[in-house]
Protein chains: 2
Amino acid sequence: MAQEKKVTEEKITENVSTEYLGNLLSERGVKPSIQRLSVLKYLISKKNHPSVDVIYQYLHKEIPTLSKTTVYNTLNLLVDKGIVTALSIKEGEVLYDFIEYPHAHFLCTKCGNIYDIKIDNQIFNIKTFEGFHIEESQINLRGICSNCKN
Amino acid sequence: MAQEKKVTEEKITENVSTEYLGNLLSERGVKPSIQRLSVLKYLISKKNHPSVDVIYQYLHKEIPTLSKTTVYNTLNLLVDKGIVTALSIKEGEVLYDFIEYPHAHFLCTKCGNIYDIKIDNQIFNIKTFEGFHIEESQINLRGICSNCKN
DNA sequence: GTATCTGCAAAACATTTGCAATTCT
DNA sequence: AGAATTGCAAATGTTTTGCAGATAC
């Protein structure tokens with residue numbers, strides 16, 4: 001059972017090739033170190049809106065020398081380069097999300113899960129508003145998810 | 001000049017009657033103490049999306065015995081009772097906003113100012129989505145404001 | 001006089017910073 | 001060797017907690 005779980009985890013992370021990840025970083029002028037590749041790989045393959053600690057706890061098993069500072073550094077760098085979004089939907093800690101397509105986020109206040117909501121909203125297309133230049137748009141929803149409703 | 005500023009500040013806060021504030025609190029089962037009335041009065045009259053510290057620094061002048069813990073307690077209570085919204089648009093600290101009508105928030109990443117954006121968005125009207133019960137919708141925009149653009 | 005509310009000090013977290021050790025070319 | 005990257009330990013800043021004293025009804 002424990003072994004089966006491990007195999008599944010490996011499969012998920014193996015879906016993304018190191019070459020693809022390396023290109024993603026190099027394109028934006030970020031040198032693809034083991035640590036940076038791992039963090040980006042985690043974000044792309046897991047799609048679970050992780051916190052710094054969640055990423056650290058997971059990758060620490062694969063790379064025992066990894067430090068939390070490096071996870072912080074890497075995520076700040078990826079956000080800076082526009083590869084990753086910092087979500088501020090949950091108070092007290094920042095969550096991270098690989099930028100694929102614009103979508104809203106829903107936080108279930110009962111189970112704490114965060115869901116991607118694929119709504120086609122005008123907000124995501126607005127780039128200027130009364131002289132304001134909009135660079136980033138986040139839609140954060142909170143409530144009770146369908147699993148917790150019953 | 002300093003005196004003129006003080007007069008202006010007093011005028012602003014005097015716009016909201018203590019009776020109105022007291023009713024707002026009592027209606028939701030919150031006992032209207034001096035501290036709670038002051039925090040709510042500040043939020044309603046200033047409309048400046050303050051942090052805990054901004055509120056504390058201001059009210060501390062009027063009520064020297066006020067503690068920051070009480071400001072925290074009060075704001076958590078007001079959010080709990082649905083009187084106030086906790087904004088998570090700025091990383092590192094939570095900002096507060098009196099709930100009047102649904103609107104988006106814009107954070108200028110240059111000057112740090114937060115603006116209310118009165119957009120009429122469908123998002124604010126959606127209460128259910130694929131079995132999800134939506135209780136709160138926040139739209140957070142980031143970019144450069146018209147003042148900083150030049 | 002009992003409930004609640006307030007406020008101090010300490011604790012608990014998340015995040016950043018300074019700097020030395022390591023790695024890469 | 002030189003430049004960038006990593007990682008530890010300490011510092012910072014925000015928010016929470018425990019508890020004792022004050023206040024209200």
Side-chain angles (χ1 to χ4, degrees), chain A residues 18 21-22 25-26 28-42 49-81 83-96 107 112 114, chain B residues 18 21-22 25-26 28-42 49-81 83-96 107 112 114:
Chain A
T18 307
L21 295 168
L25 294 176
S26 303
R28 320 256 178 145
V30 178
K31 286 189 188 169
S33 68
I34 301 284
Q35 292 88 343
R36 289 168 177 172
L37 286 167
S38 304
V39 170
L40 185 56
K41 189 182 193 176
Y42 182 93
H49 315 98
S51 64
V52 166
D53 197 61
V54 165
I55 297 172
Y56 171 74
Q57 294 302 338
Y58 181 85
L59 293 182
H60 185 67
K61 290 181 231 154
E62 294 181 355
I63 312 165
T65 58
L66 180 71
S67 80
K68 208 178 260 192
T69 302
T70 299
V71 179
Y72 273 105
N73 287 341
T74 301
L75 290 168
N76 287 340
L77 190 63
L78 295 180
V79 170
D80 244 44
K81 300 296 180 182
I83 301 169
V84 155
T85 316
L87 300 181
S88 47
I89 192 171
K90 208 169 187 176
E91 272 176 34
E93 65 182 353
V94 179
L95 306 180
Y96 295 90
L107 167 70
I114 292 178
Chain B
T18 307
L21 296 168
L25 294 176
S26 302
R28 320 257 179 145
V30 178
K31 286 188 189 171
S33 68
I34 300 284
Q35 291 87 342
R36 290 169 177 172
L37 286 168
S38 304
V39 169
L40 186 56
K41 190 182 192 176
Y42 183 92
H49 316 98
S51 65
V52 166
D53 198 59
V54 166
I55 297 171
Y56 171 73
Q57 294 303 337
Y58 181 86
L59 293 182
H60 185 66
K61 292 182 232 152
E62 292 183 356
I63 312 166
T65 59
L66 180 71
S67 81
K68 209 178 259 192
T69 302
T70 299
V71 179
Y72 273 106
N73 287 341
T74 300
L75 289 167
N76 286 340
L77 190 64
L78 294 180
V79 169
D80 243 45
K81 301 295 180 183
I83 301 169
V84 155
T85 316
L87 301 181
S88 47
I89 193 172
K90 208 167 186 177
E91 273 175 34
E93 65 181 354
V94 180
L95 306 181
Y96 294 90
L107 168 70
I114 292 178

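Chain naming here is simple, since letters A, B, ... match the order of the sequence lines and numbering starts at 1 in each. What's counted below: heavy atoms across the whole structure, side chains too, no hydrogens, waters or symmetry copies.
The residue A:Ser51 sits apart from the nucleic acid: no heavy atom pair falls under 4.0 Å. Among the protein residues, A:Asp53 comes within range of no part of the nucleic acid, since none of its heavy atoms lies under 4.0 Å from any strand. Within the nucleic acid shown, A:Lys31 comes within 4.0 Å of sugar-phosphate atoms alone, with no base atom in reach, counting heavy atoms only.
On the nucleic acid side, DNA chain D has its first and last nucleotide under 4.0 Å of a heavy atom of chain B at D:dT14 to D:dT17, going 5' to 3'. Counting 5' to 3', DNA chain C first comes under 4.0 angstrom of a heavy atom of chain B and last does so at the ends given by C:dT4 to C:dA9.
Applying the 6.0 Å contact sphere to CD1 of B:Ile34 captures no more than 12 heavy atoms from other residues, nucleotides or ligands.
Note that CD of B:Glu91 is 10.0 Å distant from CG of A:Leu87, once rounded to the nearest 0.5 Å.
In this structure, D:dT23 forms no base pair with any nucleotide, since neither Watson-Crick nor G-U wobble geometry is met with both distances under 3.5 Å. In this structure C:dA3 sits in no base pair that meets the Watson-Crick or G-U test at under 3.5 Å.
Remark on DNA chain D: of its neighbouring residues A:Arg36 and A:Thr69, the 5'-side contact belongs to A:Arg36, judged by nearest-heavy-atom nucleotide. Mapping B:Thr74 and B:Glu91 onto DNA chain C via the closest heavy atom, the residue that lands nearer the 5' end is B:Thr74.
A side-chain contact (heavy atoms from CB on, under 4.5 Å) with B:Thr74 is found for one member of B:Val39, B:Val79, B:Val52 and no other, namely B:Val39.
Counting heavy atoms from C-beta outward, A:Leu66 and A:Gln35 have side chains that approach closer than 4.5 Å. Side-chain contact check for B:Ile55 versus B:Leu75: some heavy-atom pair is nearer than 4.5 Å. A:Leu78 has its side chain within reach of A:Leu25: a pair of non-hydrogen atoms, C-beta onward, lies under 4.5 Å apart.
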| request: Run the numbers on A:Tyr42 and A:Val54 for side-chain contact (heavy atoms from CB on, under 4.5 Å), then give the verdict. | output: CA-CA 10 Å; A:Tyr42 182 93; A:Val54 165; 3.4 Å; yes
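Heavy atoms only, all atoms of each residue included: B:Gly22 and B:Pro32 are closest at CA-CB, 4.2 Å.
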